[in-house]
Student: 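One structure is given below, represented as structure tokens, and several questions about it will come after.
For this chain, numbers begin at 1 and follow the sequence in order. For ligands, and for the atoms within them, numbers begin at 1 and follow the listed sequence. Computed from a prediction, not measured in an experiment: that's the story for all the values here.
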Amino acid sequence: MSSIHSNTQVKGFQEHEIEQLRKEFPILHQSVNGKPLVYFDNAATTQKPKVVIESLTRYYFELNSNIHRGAHYLADKATTAFENTRQLLHGFINSDEAEEIIFTQGTTDSINLVANSYGRKFLKEGDEVIISGMEHHSNIVPWQMVCEEKKAHLKIIPVEDDGTLNIEAFKGLLSEKTKIVSVVHISNALGTINPVEEIISLAHQIGAVVFIDGAQASAHLDIDVKKLKCDFYAFSGHKVFGPTGIGILYGKRKLLEAMNPYRGGGEMIREVTFEKTTYNDIPFKFEAGTPNIADVIAFGTALEFTSKLGKKNIAAYEEELREYCTTKLLEIPEIRIIGTAPDKASVVSFLVEGMHPFDVGMMLDAKGIAVRTGHHCTQPLMQRFGIEGTIRISLAVYNTFSEIDICVEALKEIIKKWK
Ligand code: PMP
């Protein structure tokens, strides 16, 4: 740990607790290019603790069976474990009911589900869908596709120079034509925490439904869909210490019931004849085919792991890390931070004067430091800032102050050599 921070109690966690926590993540303890790995690409995906990896393998060693349909011991055990994750999610996001949680392949899949099942059913020619200028491509393209099909229009909330949304401009965009508003909770490229409660309340005043892309929020913020009053909320398991290929869509019961199924097949039906099919109740209506059973179960383990750490503790610790990282980076005159919103979480995006972000990323990688470079799947946002991309440090609860020191020293060396 950094000498500056040794023996200092950080809000949320003490240093020795983080050292203990790191032991839970086997992947962190390896050398990359001859240096100890510094993993700063957590917004892309988080690493998995042992309990999650063990949960995955335990399923295949002890439980593997198809769920819901089988009338035997293993099928029963697997179904109970699978549905237990739905119950955990119900608590994790404080939904009214567990049935309001649909398992999907991840955030992207959840957005596509709503764009197709809700958008294609309810959007009409001339209607408007509002997204923001800082959306991930996953929260742009599905809406563009459905708007094109329905001859509806996509409107964009502008982004200010500091990386906040222009809420006054948003108010100006809202009208009786607005049917859907879909915005990101925390920007993956800038780290901005958006005022989603205000956005939801404004959109509801004119009767629009609101989708919140929680991909980056799930591991960093307490999510309470009842408090937010959002209509839909989505996130991916892999960004909250769980496996890839699994995520959720939360939707209010009355909306989910009014929507058409997205995919047809097994499990989503009540009765099939060649003349007509009737559909199952929610959530199964949206879960056609054999689901990703092992990953759902391990996702549940990841949620328990996260809840045990406590979101408030995680957020407080990460806030200290991010502030420290920002301060240290700003001591380097060649560095410019992109995204300086007052309300931010765990992402520090920056540019090095005179250097391409990709080159910086490669040179950091040569020193064992994993950052992400490029447009972060937010090309329109990069265009807004007149840049091709950034270098992004994204922090997780298992990162340390000394890792930030290592990265900052590496950047100083790289810049000195480049000049
Ligand atoms: N939205 C945001 C804000 C994201 O950061 C991501 C992942 N980078 C996504 C959506 C898409 O998530 P996934 O790839 O897990 O579907």
Student: Could you check atom 5 (O) of ligand 1 against the protein and tell me its nearest heavy-atom contact, residue, atom and distance included?
Tutor: Gln216 NE2, 2.7 Å
Student: Run the side-chain hydrogen bond (donor to acceptor under 3.5 Å, both in side chains) check on His376 and Thr378 step by step: do they pass?
Tutor: CA-CA 5 Å; His376 316 297; Thr378 56; over 6 Å; no
Student: Give me the nearest non-hydrogen protein atom to atom 4 (C) of ligand 1 as residue plus atom name, then the distance to 0.1 Å.
Tutor: His136 CD2, 3.4 Å
Student: Are a donor atom and an acceptor atom from the side chains of Tyr233 and Asp224 found within less than 3.5 Å of each other?
Tutor: no
Student: How far is atom 1 (N) of ligand 1 from the closest protein heavy atom, and which atom is that?
Tutor: Asp213 OD2, 2.6 Å
Student: Distance-only, no hydrogens or angles: does the Ser236 side chain make a donor-acceptor pair with backbone N or O of His238 under 3.5 Å?
Tutor: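 Flag not set: sc Ser236 to bb His238 has no pair under 3.5 Å.
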Student: Taking the six-membered ring for Trp, are the ring centroids of His68 and Phe284 within less than 6.0 Å of each other?
Tutor: yes
Student: Where on Lys239 is there a heavy atom closer than 4.0 Å to ligand 1, on the side chain, on the backbone, on both, or on neither?
Tutor: side chain
Student: Test side-chain hydrogen bond (donor to acceptor under 3.5 Å, both in side chains) on Tyr250 and Asp96 and set out the steps.
Tutor: CA-CA 10 Å; Tyr250 155 80; Asp96 269 333; 5.7 Å; no
Student: Would you compute the distance between atom CG of Asp343 and atom CD1 of Ile193 and round it to the nearest 0.5 angstrom?
Tutor: 4.5 Å
Student: When you measure from the heavy atoms of His238 to every atom of ligand 1, does any distance fall below 4.0 Å?
Tutor: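 Right, His238 reaches ligand 1.
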Student: Could you find the nearest protein heavy atom to atom 14 (O) of ligand 1 and give me its residue, atom name and distance?
Tutor: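 Nearest neighbour among protein heavy atoms for atom 14 (O) of ligand 1, to 0.1 Å: Thr108 OG1, 3.7 Å.
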Student: Any nitrogen or oxygen of Ser138 lying under 3.5 Å from a nitrogen or oxygen in ligand 1? Just yes or no.
Tutor: no
Student: Heavy-atom contact check, 4.0 Å cutoff: does His376 meet ligand 1?
Tutor: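 The answer is no, since His376 has no heavy atom less than 4.0 Å from ligand 1.
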Student: Only heavy atoms of Ser236, strictly under 4.0 Å: list the atoms of ligand 1 that pass.
Tutor: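 Every atom of ligand 1 under 4.0 Å from some heavy atom of Ser236: 12 (O), 13 (P), 15 (O), 16 (O).
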Student: Considering only heavy atoms of Val184, which atoms of ligand 1 have at least one such atom less than 4.0 Å away?
Tutor: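 Answer, ordered by atom number: 3 (C).
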Student: Which atoms of ligand 1 are found less than 4.0 Å from any heavy atom of Thr107?
Tutor: 10 (C), 12 (O), 16 (O)
Student: Could you tell me whether Arg58 and Glu54 make a salt bridge, using a distance below 4.0 angstrom between a side-chain N and a carboxylate O?
Tutor: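 Answer for the salt bridge query: no.
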Student: Would you say the side chains of Ser201 and Glu198 form a donor-acceptor pair under 3.5 Å?
Tutor: no
